[in-house]
Structures are given as structure tokens and as C-alpha cells.
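Remember, predicted model here, so these are calculated numbers, not experimental data. For this chain, numbers begin at 1 and follow the sequence in order.
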Amino acid sequence: MKLQSIQALRGVAALLVVLFHARALELKGIAANGLTEQPLIGGLFTNGFAGVDLFFVISGFIMVFVTRDGLTGLKPAASFLFARVTRIYPVWWAFAGCMTIYMLVAHGVSGNSEGWQKAAFGHPMLPYLVKSFLLIPQEPFPVLNVGWTLIHEIYFYLVFALFLLMPRRWLPILLAIWAVIVTGGALLGFSRPTAMTWLSLAVHPITLEFLLGAAAGFAVTKGLVWRSGILTQVATLWLLAALCYEGSENGILLEWGRVIWFGLPCALLVYGCAGLDMTKRHAWLIPAMTSALVTLALYQLTGVDRTSPEDARRNATILTVAVGAIAMAIVVWFGWLLGQGAPDKLRQARSFFQPMLDGAVRVGDWSFALYLCHLIVLSALRNVFALIGQSESLAPFFRLGHPGALDNITFAVAGIVLTLTASALSYRFYEQPLTILFGHLRKVWFRRGQPQTAPA
């Protein structure tokens, strides 16, 4: 069963991260040209890294949802782990390999150049690459630095697979104990902003986002679906407020801060959207989407972002989220009126909305490739802009930081189009065929002859 809303949220999460990095790379391009113009992408997208938190919550939810058949033991646990490992590593190796080739061409094969030393924090090149490809914790980021999130993913899969060796009825208790261990270890000071060792990985507070998603998954699989439409609206406004207002840049944010700021509203959003999927009430996504678009546009127009003073962020957040809430209420009200007096018109509105949802689901299908490829594509695009922008006649369009908005618009549009295209092609011709292949192997190796036992 494919949950459309959850898959669409994957696409939202990936696009948040893409736009966050697009802004950062455009700033680098502007600085390289000795200019000081602000990028077009701003506002709440300066906190677009929160897409990672949404990804983590979704992962926790999916782990519980896909194992809802209740089968436990060695074979189901091995089958689960095989599915998750083959989902992550082949795609990761492809894009990490692309980055490694670039590093070798640009900085040599000795590993002693300044570029390699900067990337590997002075560690020998070969061990650094081995750990990068295997997603093993180490002091530097992996060779493709977004891979740091996959280290957390793999860790979560390993522990969850161990739990599947136990009776299913133990799983909520085991996850609760895990949450206590993580919380206790972090409070005792064993955690670090980045998981550089197995210990700091094991007790990093961001694991709690997986567990929040798992809790939402348990509620939904047990049929505890309550007020999904209203909760989706509340979660949307809560997350929008966090994206607008959060402005700290310290180690606390990388540990407990992002769990509190983003993990909690993301968990409520995932629970609400999953409930809409289970009850086929996707029309509730229309007011949520409307409020998000209104808030996003208004906050962008204020010129405020996470680097602005706190009072400016607070006032802009209150204003824009309040207007977004009003827009949401208006859509809900008109939807109710149409449902009472003109249900045919309401059904037409739903048919208009469905292609939009289908498009978001499609981006969700591409989301893993989109997440892994976007830095490569955007970095290459910035270098192309630096080259073409040297031409005075083309400078208004390609010299980042040039007066006017043409360069900003060109970079933003080209970046989004190219990353979506690259991820779609990667999904269609690499990731999807591999998924089909490994799915077939999984059936052959783990499900053939598997005893049909009652859920534990």
C-alpha cells in the first residue's frame, strides 16, 4: 500500500534541502565575484535543512508501517535489513562515486593535496573513502557530505532489525527503552553535534526523530486515527512557524534544538497525513498547501530570514503564519459550503487537485536521488555560471551578484529544473531497476518457503 501523502512529504523534504543548499551555493558564487547581493531564495528556506528532520520522522514511520504484518524472527529481520540496505547503498555508491571521481581529478590521487586534506580533515585518503562508502562514523563528513544523514539511517535500520528478532508485542517497549537510552546518553554528555564515533551516533538526540515517526506508525497501524484533517492543519502551521522563526546557529540546534523545533511538528504532520491516507481524505491537504504557499510567499516578501534579529523574526512569523492560518480557514470554510450546497463543484475541485498530488508523489519517488544528486548538480551549475558570467553581455543573467534579479532567477530556476531532471533520470534508469531486481531477490531468498505464522 502506497501512502500518497507520506510520499508527497518525501518530495517536500527533499525540495526543502535542495533550496537550502541552492541559497548557500549562490551566496558562495556571489562572494566569489566580490559582490554582496542577497540570493532570491530566502525567507523560511534559510531553515530548509529541516527537510532532513522530516526525512528522519518519515523513515521511522515507514519502518513500523512496512513491518505491520507482525512477522518476527531471523528470516523477517534479515529480509527487512536486506530491503533497507539495498535501498540505500547502491544509490549512495553511485553518487559518492561521482564525487570521488571529481575529487581525484581535481585534487589528485595521492590524497596529500590541500583539497583532500580539507575534505578528510587530514586523515589518510583511503580509510576516509572506505568509511565514506560504508557509511561508518568518522570525524569528517563523507566524501559527498549529505551522506552524514545516511549514517544515522543505517544505524537505525540495524537496531530496528535486531528488534525484529523479538516478538512483535515487545517492539513498543524496546523502542521506548531505546528512547530512554538515547536521552540519557545525550544528557550525560556523550552526544556531539555530529556523530563522529559509534558512541556519539548511538546517543545522538536526532535518533528521537526516528522514534517519533515510529510512534506515529504504531498509532496508525493500530487504527488509532483521530482528527487527521484538523491535526494536519495544526501541524502545518506549527512547522511553518518553526521554519520562519528558528534562528540559532549553535551546537544545541544540531542536537536537541532540531528535535524540538522540527522533529515534533514533523511527527504530528506525518501522523495526520498518514491518517488522511488511511481514510482517503486527501482534500484536507488543499487548505494545508494553501496556508503553506501563502506563508512562504509573505515571509519571503518581508526580507526576513534566520540571520535577522529575533524581534524581526518573531513579528514576521506572527504576521505571516496568522495570514496563512486565515487563508487555511477560508479554504476549509468554502470547502464545507461546497460540500453542503454544491457537492459536484467540490468533486471538480478534487479532480483539479489530484494531478498536483500526483506530481508531488512523483517527486517523492525521486526524493532519494534528488537528495543525493542536488549538491553535485548545483555545484556544477555554479561553476558554469562563474564561467559564462565573465562575459559582460551575459553578466545580467549569469554573473551571480549582478545588480537586478535576472541572475538570481536564472540560477534558481535552472538549479531546480536540472536537479529534478537529474533525479528523475537517476530514478527511472538506475534506482527503480535496482529496486525491482533486489525486490525479486528478496522474494526468492527470504520469502520462499517462509512459514505462515500468526503475528507476534
> Would you call Tyr427 and Leu370 a side-chain contact if the rule is heavy atoms closer than 4.5 Å?
Replying inline: no
>> To check you understand the geometry: which heavy-atom pair defines the closest contact between Cys244 and Tyr299, and what is its length?
In response: O-OH, 2.6 Å
> Are any side-chain N or O atoms of Arg306 and backbone N or O atoms of Asn47, one a donor and one an acceptor, separated by less than 3.5 Å?
Replying inline: no
> Quick one: are Phe385 and Glu26 in side-chain contact, heavy atoms under 4.5 Å?
Replying inline: no
> Are the ring centres of Trp178 and Tyr155 closer than 6.0 Å?
Replying inline: yes
> Under 6.0 Å from the six-membered ring centre of Phe65 and within 45° of its axis: does the NZ or CZ of Arg68 meet both?
Replying inline: yes
> Do His21 and Val17 come within less than 4.5 Å of each other through their side chains, counting heavy atoms only?
Replying inline: yes
> When you look at Phe163 and Thr72, which way does the side chain to side chain contact (heavy atoms under 4.5 Å, CB included) test go after all the steps?
Replying inline: CA-CA 9 Å; Phe163 290 168; Thr72 58; over 6 Å; no
>> Test your reading of the model: is there a side-chain donor-acceptor pair from Tyr371 to the backbone of Val146, 3.5 Å cut-off?
In response: yes
> Closest heavy-atom contact between Val143 and Met99?
Replying inline: O-CG, 3.3 Å
> Can you name the residues that form a side-chain hydrogen bond (donor to acceptor under 3.5 Å, both in side chains) with Glu431, not counting sequence neighbours?
Replying inline: Arg87
> Which atom names give the shortest non-hydrogen contact between Leu378 and Val18, and what distance separates them?
Replying inline: CD1-O, 3.9 Å
> How far does CG of Leu243 sit from OG1 of Thr295, to the nearest 0.5 angstrom?
Replying inline: 10.0 Å
> Are the side chain of Thr46 and the backbone of Gly43 linked by a donor-acceptor contact shorter than 3.5 Å?
Replying inline: yes
> Is there a side-chain contact between Phe446 and Leu441 (heavy atoms, below 4.5 Å)?
Replying inline: no
>> Counting C-beta onward and ignoring hydrogens, is there a side-chain heavy-atom pair between Ile88 and Phe368 closer than 4.5 Å?
In response: yes
>> Tell me if the centroids of the rings in Phe156 and Phe56 come within less than 6.0 Å of each other.
In response: no
>> Can you tell me how far apart NE2 (His152) and OG (Ser59) are? Round to the nearest 0.5 Å.
In response: 12.0 Å
> With side chains defined as the heavy atoms from C-beta onward, is the minimum distance between Thr232 and Thr236 less than 4.5 Å?
Replying inline: yes
> Is the side chain of Ser113 donor-acceptor paired with the backbone N or O of His107 at a distance under 3.5 Å, no angle test?
Replying inline: yes
>> Please check: side-chain N/O of Asp53 versus main-chain N/O of Cys266, any donor-acceptor pairing under 3.5 Å?
In response: no
>> If the test is side chain to side chain contact (heavy atoms under 4.5 Å, CB included), which one of Val52, Val259, Ile58 qualifies with Glu209?
In response: Val259
>> Please tell me whether Phe210 and Phe160 form a close aromatic pair, meaning their ring centres lie under 6.0 Å apart.
In response: no
> Mind checking whether Trp238 and Leu268 have side chains closer than 4.5 Å, heavy atoms only?
Replying inline: yes
>> The criterion is side-chain hydrogen bond (donor to acceptor under 3.5 Å, both in side chains); which residues satisfy it with Glu139, sequence neighbours excluded?
In response: His123
> Do you know the tightest heavy-atom contact between Ala214 and Leu175?
Replying inline: CB-CD1, 4.0 Å
>> For Leu3 and Met278: C-alpha separation, side-chain torsions, deciding distance, then whether side chain to side chain contact (heavy atoms under 4.5 Å, CB included) applies.
In response: CA-CA 8 Å; Leu3 303 179; Met278 301 300 288; 4.1 Å; yes
>> So does Gly364 get a backbone contact from the side chain of Ser367, meaning a donor-acceptor N/O pair under 3.5 Å?
In response: yes
> For the side chain of Arg168 and the backbone of Thr67, is there at least one donor-acceptor N/O pair under 3.5 Å apart?
Replying inline: yes
>> So, using side-chain hydrogen bond (donor to acceptor under 3.5 Å, both in side chains) as the criterion, who are the partners of Gln138 when residues are at least two apart?
In response: Ser132
> What distance separates His440 NE2 from Trp445 CH2, expressed to the nearest 0.5 Å?
Replying inline: 9.5 Å
>> Would you say Tyr102 and Ser379 are linked by a side-chain donor-acceptor pair, where the criterion is simply a distance under 3.5 Å?
In response: no
> Would you say the side-chain atoms of Arg313 pair up with the backbone N or O of Tyr245, donor to acceptor, closer than 3.5 Å?
Replying inline: yes
> Can you tell me if CG on Leu199 sees more than 12 non-hydrogen neighbours from other groups inside 6.0 Å?
Replying inline: yes
> Is the backbone N or O of Ser200 less than 3.5 Å from a side-chain atom of His204, with the two atoms forming a donor-acceptor pair by type?
Replying inline: no
> Between Trp226 and Leu231, what is the shortest heavy-atom contact and its length?
Replying inline: O-CD1, 3.2 Å
> Does the pair Trp148 and Thr194 meet the rule for a side chain to side chain contact (heavy atoms under 4.5 Å, CB included), with working shown?
Replying inline: CA-CA 8 Å; Trp148 72 267; Thr194 56; over 6 Å; no
>> Any heavy-atom pair between the side chains of Phe49 and Phe262 that's under 4.5 Å?
In response: yes
> Step by step, would you call Glu246 with Leu253 a side chain to side chain contact (heavy atoms under 4.5 Å, CB included)?
Replying inline: CA-CA 9 Å; Glu246 202 291 316; Leu253 173 65; 3.6 Å; yes
> Distance from Leu9 atom CG to Gln7 atom CD, nearest 0.5 Å?
Replying inline: 9.5 Å
>> Can you tell me how far apart OG1 (Thr421) and CD1 (Ile416) are? Round to the nearest 0.5 Å.
In response: 11.5 Å
> Measuring from Phe80:CZ to Tyr157:OH, what's the distance to the nearest 0.5 Å?
Replying inline: 7.0 Å
> Aromatic rings Phe133 and Trp92: how do their planes relate, parallel, tilted or perpendicular, breaks at 30° and 60°?
Replying inline: tilted
> Has Phe218 got more than 12 heavy atoms of other residues, nucleotides or ligands less than 6.0 Å from its CZ?
Replying inline: yes
> Which atom pair, heavy atoms only, marks the closest approach of Gly73 to Pro76?
Replying inline: O-CD, 3.5 Å
> Looking only at atom types and distance, does a side-chain atom of Asp277 sit under 3.5 Å from a main-chain N or O of Ser5, one as donor and one as acceptor?
Replying inline: yes
